[in-house]
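Beneath this line is the structure, given in structure tokens, with notes to follow.
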Amino acid sequence: MTVSALLICVLAQAANYGILVNGQTYFAGEPAGENEGFTQYLAHVQVANGDKVQLCDIVYDVKWAVDLNNYSVAGFTRDGDHYNVTVNGCYDFYIKLKYGADELYIGNGSNCSEGEDISEVYRGAVPPQCEAVMMQAFYNESYQASSPGVSEYGDTKWTTLTAQAAEIGAYFDYVWLPPSAYGDGAGYHPKQYSNQNSNWGTRAELETLISALHNAGSKVVADIVINHCANKSSWCDFYEMDFGEYGVFQPNETYICANDEVNTNTEAGDCYGTASGSNDDGDNWSGARDWSHDKVYVQEMFIAYLKWMRNVMHYDGFRYDKGDGFNNWHHWNYNRHAKPEIAFMECYSGTDEIRNRINGAQGDLMGLDFDLKWHVFNSIAGWDYSRGRGDCIMSRGDGRHSVTFIDSHDWFLRLDNENEFGGRGNSMTDAMKARLLQSNAFLLSMPGVPCIFYPHWYKYKEFIKPMIEARKLAGVHSESEVKDEYATATGYQATMVGKYGYLILCLGDKAHQDFSTAGYVLKASYYETNDAGMGKDASYQIWVNRTAPLPTGMESVEGTKNRPEKFMQNGVMLIRKDGKTYDVTGRRVL
């Protein structure tokens with residue numbers, strides 16, 4: 001069974017535990033009625049013949065099986081630490097965890113819809129062994145002609161991206177768009193979520209872009225800004241939020257956190273002291289009003305908003321802005337209602353806190369891997385490869401929850417921020433070319449879900465394309481095993497184990513060392529030494545040895561309802577749609 005998006009792990013009484021289906025944890029509801037006393041109760045779970053079911057402890061990453069209770073239905077056979085599903089269907093799971101004597105009961109689900117499409121069942125927003133490559137399709141203020149980067153990299157308004165959709169779709173599985181709600185500037189101070197006319201373009205232009213990207217084989221990620229909101233005319237009035245069939249909401253001062261500035265700053269005028277929501281259960285953002293997510297009516301508004309974004313605007317996934325701005329339980333809650341195919345958050349903190357926040361979302365959330373950006377890529381920018389993969393989410397063996405990246409809108413061309421790759425607006429100079437190429441080669445060779453920054457793609461796509469093709473050819477994925485082989489100040493080498501073969505990455509002086517390449521093909525490379533007179537080797541090589549056959553386009557497309565599917569054939573990227581095959585320019589080849 002093929003499932004596209006996945007992960008939740010929670011328990012009604014003990015949040016460490018859950019049920020795994022094909023290695024993906026599944027939400028458990030509250031015990032109720034005759035099932036009172038069971039530690040975990042899951043109702044109406046769709047499974048198919050060939051699925052594997054286990055119990056799990058998400059904190060300690062333990063998976064096991066117990067003997068089925070005598071009253072359990074047929075359809076499951078024990079195979080070591082898991083059960084093999086032998087009969088398609090809808091089942092209820094009842095689990096009682098007892099020291100040394102766990103009990104598992106399985107019964108036919110009484111309220112399951114007959115004929116329900118099992119492939120559409122939501123199993124979380126963290127795809128396992130994800131082979132996807134993502135693009136962040138905007139940069140700082142790229143919506144306006146006066147942006148300091150537009151003259152060199154072009155704007156990224158909806159109409160501009162639509163014209164590039166075919167090329168972008170040929171290489172990128174996910175495209176992360178900027179906030180599309182009506183608001184200030186780039187959209188990070190939204191004003192009216194249900195109004196999708198923004199500085200990036202009109203709602204109609206956005207819908208055209210999303211459709212074009214879908215037709216090109218890409219899924220689209222919305223930038224979700226729900227920690228805070230700008231106001232209509234005063235500190236405590238808001239626009240109406242009209243989400244059609246999902247509900248109409250009129251926020252007021254009761255939606256604002258009680259410890260927001262509106263209650264402490266006399267400049268709030270008539271609104272001073274009126275906020276009556278709960279205290280903020282995350283980090284405060286002083287630039288706008290913070291929503292009181294603890295209030296049920298606030299949750300209902302955002303559940304409606306995110307369902308509307310998924311089902312009306314047709315976004316496929318979410319990137320949550322300021323992911324530390326409220327308790328991460330809410331991310332899990334919003335995901336399980338809106339069912340995004342992928343969801344990840346921004347949290348500037350180090351790896352330990354990001355992982356804690358992911359656990360707070362019951363594992364149903366990925367994180368932008370900031371320690372990788374700040375330490376490994378800044379080291380490469382300084383011609384030092386000795387950190388290897390450093391200490392980050394990806395390097396700790398949790399690439400499944402890692403969105404890896406080099407640069408983003410928060411630093412690029414921002415002269416007031418010294419954390420940018422390469423330092424203070426200089427990352428795209430000619431002297432930085434070799435370092436950027438090496439960093440992108442590292443990014444696209446490693447586990448996690450790599451996110452390519454639009455200006456890097458715009459300027460160096462002829463180098464980045466073969467890197468993506470090498471990753472796809474080897475089948476490197478978010479959870480790929482990495483064998484670090486060499487890491488010094490002057491060079492780095494590692495081998496990645498993909499689904500279809502092996503990929504070797506060589507940086508710096510390792511790009512010129514003799515080693516056995518029998519069976520390998522050089523897919524991407526760059527040769528330069530003494531760059532900028534620094535006496536450092538700026539070369540890289542990516543080698544691929546395909547040891548297993550790639551799935552054919554037809555095999556990949558089955559069950560996806562004629563959605564475009566990208567695949568590699570003899571080292572060439574192709575796209576299959578409606579039984580026909582095209583190259584990356586859209587020319588039919590088969």
Side-chain angles (χ1 to χ4, degrees), residues 136 139-140 149 152 348-351 354 368-396 402-448 450-457 459-460 463-464 467 482 484-494 504-513 524-542:
Q136 182 182 353
Y139 57 95
N140 189 42
E152 189 168 359
Y348 286 7
S349 301
T351 298
I354 294 174
L368 286 161
D369 210 336
F370 275 90
D371 272 343
L372 178 66
K373 167 187 168 51
W374 282 329
H375 301 303
V376 174
F377 290 127
N378 282 349
S379 293
I380 293 176
W383 300 119
D384 181 2
Y385 312 95
S386 61
R387 285 185 178 271
R389 290 181 290 139
D391 181 19
C392 58
I393 302 172
M394 177 271 288
S395 67
R396 293 188 186 184
S402 169
V403 175
T404 57
F405 71 111
I406 299 169
D407 210 347
S408 77
H409 63 287
D410 280 323
W411 291 275
F412 184 65
L413 299 178
R414 289 278 297 275
L415 300 182
D416 60 338
N417 193 314
E418 297 192 32
N419 283 321
E420 182 193 352
F421 173 84
R424 301 193 71 124
N426 297 316
S427 68
M428 296 300 288
T429 62
D430 290 339
M432 288 294 295
K433 176 181 178 179
R435 304 181 228 187
L436 273 177
L437 294 181
Q438 285 186 332
S439 295
N440 277 284
F442 184 100
L443 184 74
L444 285 165
S445 298
M446 289 292 159
C451 184
I452 302 300
F453 190 41
Y454 181 88
H456 296 181
W457 167 259
K459 192 165 185 177
Y460 298 123
F463 296 96
I464 293 175
M467 297 177 188
V482 179
D484 295 299
E485 292 152 349
Y486 181 89
T488 70
T490 58
Y492 176 76
Q493 180 176 313
I504 297 176
L505 169 69
C506 303
L507 299 179
D509 59 24
K510 289 303 291 182
H512 308 290
Q513 299 298 310
S525 62
Y526 179 75
Y527 180 83
E528 186 173 328
T529 56
N530 289 330
D531 184 76
M534 297 180 66
K536 302 292 185 180
D537 192 308
S539 304
Y540 68 82
Q541 292 178 335
I542 299 177

**Report entry** Pair Q136-F405, side-chain contact (heavy atoms from CB on, under 4.5 Å): steps then yes or no
**Finding:** CA-CA 9 Å; Q136 182 182 353; F405 71 111; 5.9 Å; no
- Item | side-chain contact (heavy atoms from CB on, under 4.5 Å) between M428 and Y139, worked out | CA-CA 13 Å; M428 296 300 288; Y139 57 95; over 6 Å; no
Margin query: Does this structure show an ion pair linking K459 with E152, if we count only N-O contacts that are shorter than 4.0 Å?
Written below: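 Looking at K459 and E152, the cut-off is met.
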- Message: When you measure from the side chain of N440 to the backbone of I452, do you find a donor-acceptor pair of N or O atoms at a distance under 3.5 Å?
- Response: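 Side chain of N440 to backbone of I452, a donor-acceptor pair under 3.5 Å: no, none is there.
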K510 (side chain) donor-acceptor with Y492 (main chain) under 3.5 angstrom:
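No.
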Is [Y] close to [X] at the side-chain level, that is, under 4.5 Å between some pair of heavy atoms?
X: D537; Y: H512; value: yes
X: H375; Y: D391; value: no
X: D509; Y: Y486; value: yes

| said: Under the rule for side-chain hydrogen bond (donor to acceptor under 3.5 Å, both in side chains), what residues qualify as partners of S395, not counting sequence neighbours? | reply: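 If we apply the side-chain hydrogen bond (donor to acceptor under 3.5 Å, both in side chains) test to S395, skipping adjacent residues, there are no hits.
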Shortest non-hydrogen contact from [X] toward [Y]:
X: S386; Y: A489; value: CB-N, 3.8 Å
X: Y540; Y: A524; value: CE1-C, 3.9 Å
X: D371; Y: C392; value: CB-CB, 4.0 Å
X: Y385; Y: G491; value: CD1-N, 3.3 Å

Classify the side-chain pair [X]/[Y] by whether it contains a donor and acceptor separated by less than 3.5 Å.
X: Y527; Y: Q541; answer: no
X: H456; Y: D407; answer: no
X: T488; Y: T490; answer: yes
X: D369; Y: T404; answer: no

Distance (rounded to the nearest 0.5 Å) between [X] [atom1] and [Y] [atom2]:
X: L505; Y: D484; atom1: CG; atom2: CG; value: 10.0 Å
X: I542; Y: S525; atom1: CD1; atom2: OG; value: 9.0 Å
X: I406; Y: K373; atom1: CD1; atom2: NZ; value: 9.0 Å
X: M432; Y: Q438; atom1: CE; atom2: CD; value: 10.5 Å
X: S439; Y: N378; atom1: OG; atom2: CG; value: 9.0 Å
X: L443; Y: C451; atom1: CG; atom2: SG; value: 8.0 Å

(request) Quick one: do M394 and L372 satisfy side-chain contact (heavy atoms from CB on, under 4.5 Å)? Show the steps, please. (result) CA-CA 8 Å; M394 177 271 288; L372 178 66; 4.2 Å; yes
*asked:* Can you tell me how the ring of F463 sits relative to the ring of Y526, calling it parallel under 30°, perpendicular over 60° and tilted otherwise?
replied: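 Because their plane-to-plane angle is over 60°, the rings of F463 and Y526 count as perpendicular.
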Margin query: Students often mix this up, so state it plainly: with edges at 30° and 60°, are the rings of F370 and W374 parallel, tilted or perpendicular?
Written below: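 Geometry flag for W374 against F370: tilted rings.
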Discussion item. Working note: F442 + F377, criterion side-chain contact (heavy atoms from CB on, under 4.5 Å); need CA distance, chi angles, decisive distance, verdict.
Written reply: CA-CA 9 Å; F442 184 100; F377 290 127; 3.8 Å; yes
